[in-house]
Amino acid sequence: MINSYPQVMTIAGSDCDGSAGMQADMNTFFARKTYGISVMTACVAGNSYGIHAAQPLTTDFIDAEFKGIADDFKVLATKTGMLTDSPTIDVVAKNYRQYDFGPLILDPVIITKHGAMLLEQSAYETLKEQLIPLAHVITPNFFELQKLADMTINDEADMLTAAKKLQAMGAKNVMAKGAHHETDGLTEVKDLLLLESGETVWLSAPYHDTEHINGTGDALSACITAEIAKGQPVKTAVMTAKTLVNKAIENELAVGHKYGPINIWELA
Ligand SMILES: Nc1ncnc2c1ncn2[C@@H]1O[C@H](COP(=O)(O)OP(=O)(O)O)[C@@H](O)[C@H]1O
Ligand SMILES: Cc1ncc(COP(=O)(O)OP(=O)(O)O)c(N)n1
């Protein structure tokens, strides 16, 4: 018997410490029983203490990666990660329009939770114009939501307003991640899902006080991508991802000496 798994794709940067970026996406795809395909956009050098250098790949090379994949595979859903700059976003959007790579889960990576900037500021508008209109689901973290919606968020009403702004830009469904980093006395983390239908779902989960939370956003969006490729509706895919990522944060993993990865085995 020949086995077959849904093929899913990540368009992302490599993070050499394995905790985030393409490596977190591919680990998550594997854990969710999907076959991961990867278009690499950049390489990042670092470790559990932080990112020390970043090197984008050329747009010609990225183009060639897309062509190779399109000629050979049937991708059922795609996610994005680190896209570095406007030329990278342009080549990604061009290829995504040219080929059928399934629904796009846009993780609009701008900043890591330890402050490393992974998207040039001059590219924010390109992201809004080129990729947000293609997004089936967009998954901004709290900082990214404020930057893309161009507003300050003080409460849940503001979060909903910002999510609606992203929908007005063309994203069908918005999974907006709430504040948690450097927030004192937190007992729960609350994200917002604004569905295409207009339905809103607040996703609450226990807050875990740990340094091992690198790659949470990547794992979350990769998990959503895998579940959508398997045929789950957006709401189910997002709820599954939220539950599994929370479990992967709770059951800590000992890797690295500072800010470690989540426990990817809990995603299975
Ligand atoms: N310390 C934590 N405890 C529980 N959940 C967390 C914690 N940190 C992040 N999360 C959850 O992980 C998911 C990814 O969020 P976040 O870390 O904000 O994304 P990003 O990695 O893009 O910055 C969200 O569902 C968020 O609520
Ligand atoms: C190459 C690369 N490195 C780091 C990240 C950030 O991952 P993300 O899950 O969005 O954020 P943290 O939870 O690690 O802060 C990335 N997307 N790509």
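Throughout, residue positions are numbered sequentially from 1 according to the sequence presented. All of these numbers come straight from a predicted model, not from anything done at the bench. In each ligand, atom 1 is the first atom listed, and ligand 1 is the first ligand listed.
- For Gln23 and Ser14, the side-chain atoms include at least one donor-acceptor pair closer than 3.5 Å.
- Checking only distances, Lys177 does come within under 3.5 Å of ligand 1, N or O to N or O.
- In Asn246, the part holding a heavy atom less than 4.0 Å from any atom of ligand 1 is the side chain.
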Step by step, work out the side chain to side chain contact (heavy atoms under 4.5 Å, CB included) result for Ile62 and Val39. CA-CA 7 Å; Ile62 295 170; Val39 168; 4.0 Å; yes

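- Using modelled atom types and a 3.5 Å distance limit, the side chains of His212 and Asn263 yield no donor-acceptor pair.
- Under 4.0 angstrom from ligand 1, there are no non-hydrogen atoms of Lys190.
- Between Asp15 and ligand 2, an N or O atom pair is found at a separation short of 3.5 Å.
- In this structure, Ile111 falls outside the shell of residues with a heavy atom less than 4.0 angstrom from ligand 2.
- Contact of the Phe66 side chain with the Ile11 side chain is registered, since non-hydrogen atoms from C-beta on lie closer than 4.5 Å.
- Remark: the Lys113 side chain and the Thr216 side chain contain an N/O donor-acceptor pair separated by less than 3.5 Å.
- Ligand 2 places these atoms under 4.0 Å from at least one heavy atom of Ile213: 13 (O).
- Salt bridge Glu250/Lys247: absent, no basic N to carboxylate O contact under 4.0 Å.
- Backbone and side-chain nitrogen or oxygen atoms of Met82 are examined, and none is located within less than 3.5 angstrom of a nitrogen or oxygen of ligand 2.
- Using bins of under 30°, 30° to 60° and over 60° for the plane-to-plane angle, the ring pair His257/Tyr49 lands in the parallel bin.
- Distances between N or O atoms of Glu144 and those of ligand 1 include no value under 3.5 Å.
- With values rounded to the nearest 0.5 angstrom, Phe101 atom CZ is found 12.0 Å from Leu76 atom CG.
- Ligand-side atoms of ligand 2 in range of Gly13: 1 (C), range being under 4.0 angstrom from any heavy atom.
- Counting the atoms of ligand 1 from 1 in the order shown, those under 4.0 Å from a heavy atom of Val189 are 4 (C), 5 (N), 27 (O).
- Residue contacts with ligand 1: Asp107 is placed with no nitrogen or oxygen under 3.5 Å of a nitrogen or oxygen of the ligand (distance criterion only).
- Counting heavy atoms from C-beta on, the side chains of Glu144 and Thr139 never come closer than 4.5 Å.
- At least one N or O atom of Asp191, backbone or side chain, sits closer than 3.5 Å to an N or O atom of ligand 1.
- A salt bridge links Asp63 to Lys94: at least one charged side-chain nitrogen sits closer than 4.0 Å to a carboxylate oxygen.
- When only non-hydrogen protein atoms are considered, atom 2 (C) of ligand 2 lies nearest to Gly21 CA, 3.6 Å.
- Ligand 1 has at least one atom lying under 4.0 Å from a heavy atom of Pro206.
- When only interatomic distances are considered, the shortest N/O to N/O separation between Val245 and ligand 1 does not fall below 3.5 Å.
- Checking side-chain atoms of Asp100 against main-chain N and O of Gly102 turns up a donor-acceptor pair under 3.5 Å.
- The atoms of ligand 2 that sit less than 4.0 Å from any heavy atom of Val109 are 17 (N).
- Within the 4.0 Å heavy-atom cutoff, Ala12 does not count among the residues contacting ligand 2.
- When only modelled atom types and interatomic distance are considered, Asp85 and Thr88 share a side-chain donor-acceptor pair under 3.5 Å.
- At the shortest separation from atom 5 (C) of ligand 2 among protein heavy atoms lies Leu118 CD1, 3.5 Å.
- For ligand 2, the atoms closer than 4.0 angstrom to any heavy atom of Lys113 are 12 (P), 13 (O), 15 (O).
- You'll find the side chain of Ile105 stays beyond 4.5 Å of the side chain of Asp107, heavy atoms only.
- Close approach to Lys113 involves these atoms of ligand 1, each under 4.0 Å from a residue heavy atom: 17 (O), 21 (O).
- Given atom 11 (C) of ligand 1, the protein heavy atom at minimum distance is Ile249 CD1, 4.1 Å.
- Close approach of ligand 1 to Lys242 (heavy-atom distance below 4.0 Å) involves ligand atoms 25 (O), 27 (O).
- Side-chain contact, Asp60 with Thr58: no donor N or O sits under 3.5 Å from an acceptor N or O.
- The ligand atoms of ligand 2 that sit less than 4.0 angstrom from a heavy atom of Thr216 are 9 (O), 13 (O).
- Under the 3.5 Å distance criterion, with hydrogens and angles disregarded, no donor-acceptor pair is assigned to the side chains of Thr240 and Glu227.
- For atom 14 (O) of ligand 2, the closest non-hydrogen atom of the protein is Gly215 N, 2.8 Å.
- Nearest to atom 6 (C) of ligand 2 by heavy atom, out of Asp218, Asp107, Asp17, Leu220, is Asp218.
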